[in-house]
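Values in this document were obtained by computation on a predicted structure and should not be read as measured data. In what follows, every chain begins at residue 1, and chains take the letters A, B, ... in the order their sequences are listed.
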There are 2 protein chains.
Amino acid sequence: MLTNLKRPKTLKETALKQLREAIALGHFAPGERLVERVLCEKLGVSRTVIRECIRHLESDQLVTTVPNVGPTVASLDVTQIEEIYEIRTMLEVSAVTSCAANADDEVISKLEMYYEHISHALEEDNIQQALSDTRKLYKTIFDAGEKSVAWDLVEQLNGRIGQLRALTLRTHGRSVEGPKKLLAIIEAIKQHDEDAAAQACKDHLKQAKEIALQQVNSLNSQ
Amino acid sequence: MLTNLKRPKTLKETALKQLREAIALGHFAPGERLVERVLCEKLGVSRTVIRECIRHLESDQLVTTVPNVGPTVASLDVTQIEEIYEIRTMLEVSAVTSCAANADDEVISKLEMYYEHISHALEEDNIQQALSDTRKLYKTIFDAGEKSVAWDLVEQLNGRIGQLRALTLRTHGRSVEGPKKLLAIIEAIKQHDEDAAAQACKDHLKQAKEIALQQVNSLNSQ
DNA sequence: TTAATTAATATTGTATACCATCATACAATA
DNA sequence: TATTGTATGATGGTATACAATATTAATTAA
């Protein structure tokens, strides 16, 4: 990265980020009411800021607002979760395929670097770091495949299942399955084998979906 | 409808709708600055409301905000437009396929009814009505296919190319091509022929995409 | 005249106070 | 027990204030 284009970070941005994380980390239960004044105190900002944040989250469908009642943390049913993984599969397969067709050496070495980072982070049980690097790896793939719109959608969908993902990593984090599948994707890209890349990507997501659904079941039955 | 379950419409909602329409109808040029004060006057609401609306549009990617400068109407490049149609194709094909597999008589008669409405509206050159009915028809398809998440995304993507769509209808509105393709989709659904439905859907979108790109070119060269 | 600086003005970001309306929990009553 | 008030609190919305930053106009230098 040569220059960091934008960065006067505004209070609203940081507050929004904090709220997003709090929801993803499960600090608010699905269905829980978000009371403006409480959030003001907790984040130390004014109601103005909180309200704008909530509008943003609302439009991201991370919270659901009922007029005159207020916002609550959105919850997903199993059908929606399955659909999210299904759509992610379409989008990611499309990106991975295109990336396999176009990737140059620079992209490939970048992917391998991130893979190293991820393995390392997982060895040290640093889940957050692994997640962050995985995201960077995928962004590289989408960039190389020239799928900027798809990337936005994937990020959005991931946001909606953020709670699940955090949970999944907490319980399945040190599993070696995930990285293996990732490696398969990278290998296929390296060899410009579009079909193999697509298949590896499908496998990867199928597994992720299964773990997520498992997670949901254990949550619901508990 | 026995009871109107709809929530009380809030000022913010109506203002948001107006802004969305204004953008879609091209009343604001891409890249144009949206000044809060001006919008307040124009819509007759307070700054708070306007700001909340802008946050919403921002998250919908209809406007781009630079801190301390303000929001501007987002613009799309050709690559992104192509990608949007590509993604819409994936999502709609998925929905149409699933709908063809599951549709019962009620759904089918509903689809046929909407088709009638659309033909009628087009005959009378009532573009807005045709658009609105087309949307309802698609919503019926997505509902029957149980693709609520995909529907949200399609709506979002359509919002981002709203300007183009309005333009397209204005110039190609009375073309009989569009409805014909729609009819093919409905026929395939009626016969529960998933493959034919998928193919008809692909054709439909391919054509829409071509018209849109043509539109973009004439805009850029002009 | 044109370029560069500086002063003036707008606009955004944020905070705060205020009010009307609606929702909910609780108490009083029938 | 069921109903009706009533108190309380939250939200939707408005208005105002002010610092920080952008933009524009005005002024000065080249």
Query raised in the report: How does protein contact run along nucleotides 11-21 of chain C, one letter per nucleotide 5' to 3', with B for base contact, S for sugar-phosphate only, - for none, heavy atoms under 4.0 Å?
Result: SBBBBB-B---
Report task. Mind jotting down which residue pairs meet the side-chain hydrogen bond (donor to acceptor under 3.5 Å, both in side chains) criterion with at least one end in residues 134-144 of chain A? Sequence neighbours excluded, please. Result -> A:Arg135-A:Glu155, A:Tyr138-A:His204, A:Lys139-A:Asp143
Query raised in the report: Which residues pass the side chain to side chain donor-acceptor pair (under 3.5 Å) test with A:Asp60, sequence neighbours left out?
Result: A:Arg20, B:Ser59
Report summary line: side chain to side chain donor-acceptor pair (under 3.5 Å) filter on B:Gln163, not counting sequence neighbours, yields none
Query raised in the report: Who passes side chain to side chain donor-acceptor pair (under 3.5 Å) against B:Glu116, sequence neighbours left out?
Result: none
Report summary line: Any strand, both distances under 3.5 Å, Watson-Crick or G-U wobble: C:dT29 pairs with D:dA2
Which donor-acceptor pairs under 3.5 Å do side chains of residues 43-50 of chain A form with protein atoms, sequence neighbours excluded?
residue	atom	partner	partner atom	Å
A:Ser46	OG	A:Thr48	N	3.4
A:Arg47	NE	A:Glu36	OE1	2.6
A:Arg47	NH2	A:Glu36	OE1	3.1

Query raised in the report: Watson-Crick or G-U wobble partner for D:dT28, using a 3.5 Å limit on both distances?
Result: C:dA3
